[in-house]
Protein chains: 2
Amino acid sequence: MTKITIKDVARAAGVSISTVSNALNDVDVLSPVTKSHVLKVAKQLNYVPNLNGKQLRSGKTKMLGFFTTSVSGPYFYKLVESMSRECDRLGYGLNVFITKDRQVIMSNILGRRVDGAIIYEELRIDEEDISAMQQEKIKAVFLDRVLQNETMGSVIFDSYVASYEATKYLISLGHKKIVYISGVDTMFDSVERKEGYLAALRHYQLPINEDYIIQGYFEEESTYNAVKSFLHLHPDKVPDAFLAGNDLSAIGCIQALKTHGYEVPLDISVMGFDDIDIAQYYTPPLTTVRNQIAKQGIQAINHLVRLIQKKEQGTVHKLTSELVVRGSSHVKIYSK
Amino acid sequence: MTKITIKDVARAAGVSISTVSNALNDVDVLSPVTKSHVLKVAKQLNYVPNLNGKQLRSGKTKMLGFFTTSVSGPYFYKLVESMSRECDRLGYGLNVFITKDRQVIMSNILGRRVDGAIIYEELRIDEEDISAMQQEKIKAVFLDRVLQNETMGSVIFDSYVASYEATKYLISLGHKKIVYISGVDTMFDSVERKEGYLAALRHYQLPINEDYIIQGYFEEESTYNAVKSFLHLHPDKVPDAFLAGNDLSAIGCIQALKTHGYEVPLDISVMGFDDIDIAQYYTPPLTTVRNQIAKQGIQAINHLVRLIQKKEQGTVHKLTSELVVRGSSHVKIYSK
DNA sequence: TTTGCTAATGAATACGTTTTCATAAATTAA
DNA sequence: TTAATTTATGAAAACGTATTCATTAGCAAA
């Protein structure tokens, strides 16, 4: 017995193909009696529509694609779970494509296997591809780069504001001498975080000291070394607080401070960024800044669907982060 | 400008549609000169084949679907990464569908959006669905249930053997009085692990003591309580070792032993199952049994592809596990 | 020369569906 | 009653591709 098609249903029900199609797709032109009859016959025959035929004819797949280089780690699975749930809610399916091959991404998108794409691909799609997508009016939302045109937008974390808020928080604790431990200066986020830090200092009219910006390269060990040499070089100007470019860097910093006899947070406050898993288990538990990953997923899906429905043009959504106050920060004590 | 199709390429190249199709799909009937000419024109026009047309006509998608209820946690992302890589190698794409809706699974599979399916769905697909798939000769591999017919197979972990081996290892350390901390007795894995434990005892002719099987329910706290009450009830028969149904249970067990003044592993050995992330960071680091997740992914994909190619019939592949010896187990000391 | 064969190409069909448009029947308006 | 409108249905086209089969041209063998 071969695969049952809409034709077989039509024959069995004694109606035309179009009638079956209308019944199945709930197009409101049929008499209730024929409609229910057709549906009953379809069920009896265990009819399942061929999606390729459907999609070819209608030009729609009711599928959104998430294109990513990896799904490993909490960031990705939190993201994917939230997107998946949001797709469900909006009547779409979510399809995860894991690939580093630009070609694969393009042929799936331009080949219309999905109605729209969420793209996280670490900057491997070049201008040429973008303009090809633009020409075809492909609907897409980028998670790791800023892009905005008629049919394409972005949802990114605003590291600048996050850093500004983090610095503001440290200032609110009474800290004035705040050292910023920079990450990798070629990375967008790293630069944004440094700028946010500087902006907060300016806003609260605290002096900006070039010596108070050191390089930690987002790593524990290099930060450890950087902090130690900082303390050696400037034994006179011990800071009130350190703002590290990420959590690993914060940990390296705290280790270094310990070896110099400083207690965190009583003597010096330290905070990081990202709220990695270790953050809450570390001693002291890290005060840090957490990205709202689920929110990113939800916004991306919603934006994409609105692009598809042409209810919206491409926009750059910037997400604010969340301050996570734990044990590594403390009000400044002026006891001595 | 509208979407470019194979027709446009044919017109631009001054050849027929079939010639373009043959050129693009590398069918070896064309003269080299026309072939390269067609490919050049296609490239110039930025032609990208419509996958829905392709798939409808050919009946193939070159896509495998992974159907799962979740992607959260190390098990899933290790699995997905390994499957994805293996798909690449075999010339397939992998598509991850996250859903709890049996309907969605069936319509995607029976609607031929994929050439084959890897299914992890916690037993929600019933016999009716299975037989529908069987009738259509759908190619599928299950990861969480045993199933075997002409076009469908399984790749599962052999918990029985794993537990047997774990017990054997404890015996090899000189332990004779081994307590098994059972999980949830309605779960397949839980039962298998208990049976493996019993089989090892029998094989090495150690006495089987009903009191030495206690309930921990796969949880830290309930195990903690269970072990404490065990020690209270049987102060006379202190065991040499505990084999816990999973790592969380092992941790609960060690905590309880600590409060009773026993040192792990010097006084008593404890081991778990699963090798969760915490296992290696715990004090003492847990001796445990690790499933070879990547292997499961690789085998599943390979089996599925061979089913599709009709080079193989459905089989149940059982994977052996890997003993991870860390600090929570130790040779039995008969000092006193 | 004629015949037969091979190599290269194109015309036409089919895949399974949605959708447009025409038609027939039923209802309402005149 | 007839004309006009609405309602329900079906015939046929279209989506973009792969594939079968026929056709043509070129060439070697007889």
Side-chain angles (χ1 to χ4, degrees), chain A residues 1-39 41-42 45-63 107-115 136, chain B residues 1-39 41-42 45-63 107-115 136:
Chain A
M1 200 209 305
T2 180
K3 173 78 186 163
I4 288 183
T5 74
I6 199 173
K7 240 179 190 165
D8 304 312
V9 178
R11 195 175 315 123
V15 297
S16 75
I17 290 180
S18 21
T19 298
V20 177
S21 176
N22 284 329
L24 292 169
N25 294 297
D26 215 27
V27 178
D28 204 19
V29 292
L30 262 43
S31 75
V33 47
T34 38
K35 181 171 161 181
S36 72
H37 173 236
V38 168
L39 291 179
V41 172
L45 296 180
N46 285 323
Y47 169 71
V48 178
N50 179 302
L51 295 173
N52 298 312
K54 241 178 130 89
Q55 292 166 184
L56 174 59
R57 176 57 232 227
S58 70
K60 290 173 187 173
T61 66
K62 277 286 173 182
M63 281 279 156
S107 78
N108 276 291
I109 293 181
L110 295 174
R112 312 286 167 163
R113 211 183 319 244
V114 292
D115 291 348
E136 304 275 347
Chain B
M1 200 210 304
T2 181
K3 174 79 186 163
I4 289 182
T5 73
I6 201 173
K7 240 177 189 166
D8 303 311
V9 178
R11 195 175 316 123
V15 296
S16 74
I17 291 180
S18 23
T19 298
V20 176
S21 176
N22 284 329
L24 292 169
N25 294 299
D26 215 26
V27 178
D28 204 20
V29 291
L30 263 42
S31 76
V33 47
T34 37
K35 179 170 161 183
S36 71
H37 172 237
V38 168
L39 291 179
V41 171
L45 297 179
N46 285 323
Y47 169 71
V48 178
N50 179 302
L51 296 172
N52 297 312
K54 245 178 125 90
Q55 291 166 185
L56 173 59
R57 177 57 232 232
S58 69
K60 290 173 186 170
T61 67
K62 277 288 173 180
M63 281 278 156
S107 79
N108 277 290
I109 293 180
L110 296 174
R112 311 287 166 163
R113 216 194 303 257
V114 292
D115 291 347
E136 303 275 347

Looking across every strand, which nucleic acid part, if any, lies under 4.0 Å from [X] by heavy atom: base, sugar-phosphate, or nothing?
X        : result
A/Gly111 : nothing
A/Ile17  : base
A/Asn52  : nothing
B/Val27  : nothing
B/Ser21  : base

**Message:** B/Asn108 vs B/Val114, test: side chain to side chain contact (heavy atoms under 4.5 Å, CB included). Steps then yes/no.
**Reply:** CA-CA 7 Å; B/Asn108 277 290; B/Val114 292; 5.8 Å; no
**Non-hydrogen atoms of B/Tyr47 and B/Thr5 that approach each other most closely** = CE1-C, 3.5 Å
**Message:** For a 4.0 angstrom threshold against heavy atoms of chain A, report the outermost contacting nucleotides of DNA chain D in 5' to 3' order.
**Reply:** D/dA8 to D/dG16
**Prompt:** Does the pair A/Lys54 and A/Ile6 meet the rule for a side chain to side chain contact (heavy atoms under 4.5 Å, CB included), with working shown?
**Reply:** CA-CA 11 Å; A/Lys54 241 178 130 89; A/Ile6 199 173; over 6 Å; no
Let me confirm one number: the [atom1]-[atom2] distance from [X] to [Y], rounded to the nearest 0.5 Å.
X       : Y        : atom1 : atom2 : answer
A/Ser58 : A/Asp115 : OG    : CG    : 8.0 Å
B/Asn22 : B/Thr34  : CG    : OG1   : 9.5 Å
B/Leu51 : A/Gln55  : CG    : CD    : 10.0 Å

**Message:** If you assign each of B/Arg57 and B/Val29 to its closest nucleotide in DNA chain C, which residue comes earlier from the 5' end?
**Reply:** B/Val29
**Asked** Which nucleotide, C/dT18, C/dA11, C/dG16, lies nearest any side-chain atom of B/Leu56?
**Response** C/dG16
**Out of C/dG16, C/dA11, C/dT19, whichever nucleotide has its closest atom nearest the side chain of B/Ser18** = C/dA11
**A/Lys54 side-chain N/O to C/dT18 phosphate OP1/OP2 under 4.0 Å** = yes
**Message:** Please determine whether a side-chain nitrogen or oxygen atom of B/Thr19 lies at a distance below 4.0 Å from atom OP1 or OP2 of C/dG10.
**Reply:** yes
**Message:** Just to verify, what does B/Arg112 make a side chain to side chain contact (heavy atoms under 4.5 Å, CB included) with, not counting sequence neighbours?
**Reply:** A/Lys3, A/Asn50, A/Asn52, B/Glu136, B/Ile138
**Fill in**
Residue pair B/Gly53/B/Asn22 against DNA chain D: nearer the 5' end by closest nucleotide is B/Gly53
**Nucleotide C/dA11, atom P - distance to CD1 of B/Ile6 in whole Å** = 14 Å
**Request:** Nearest whole angstrom, please: distance from the P of C/dC15 to the CG of B/Asn50.
**Result:** 19 Å
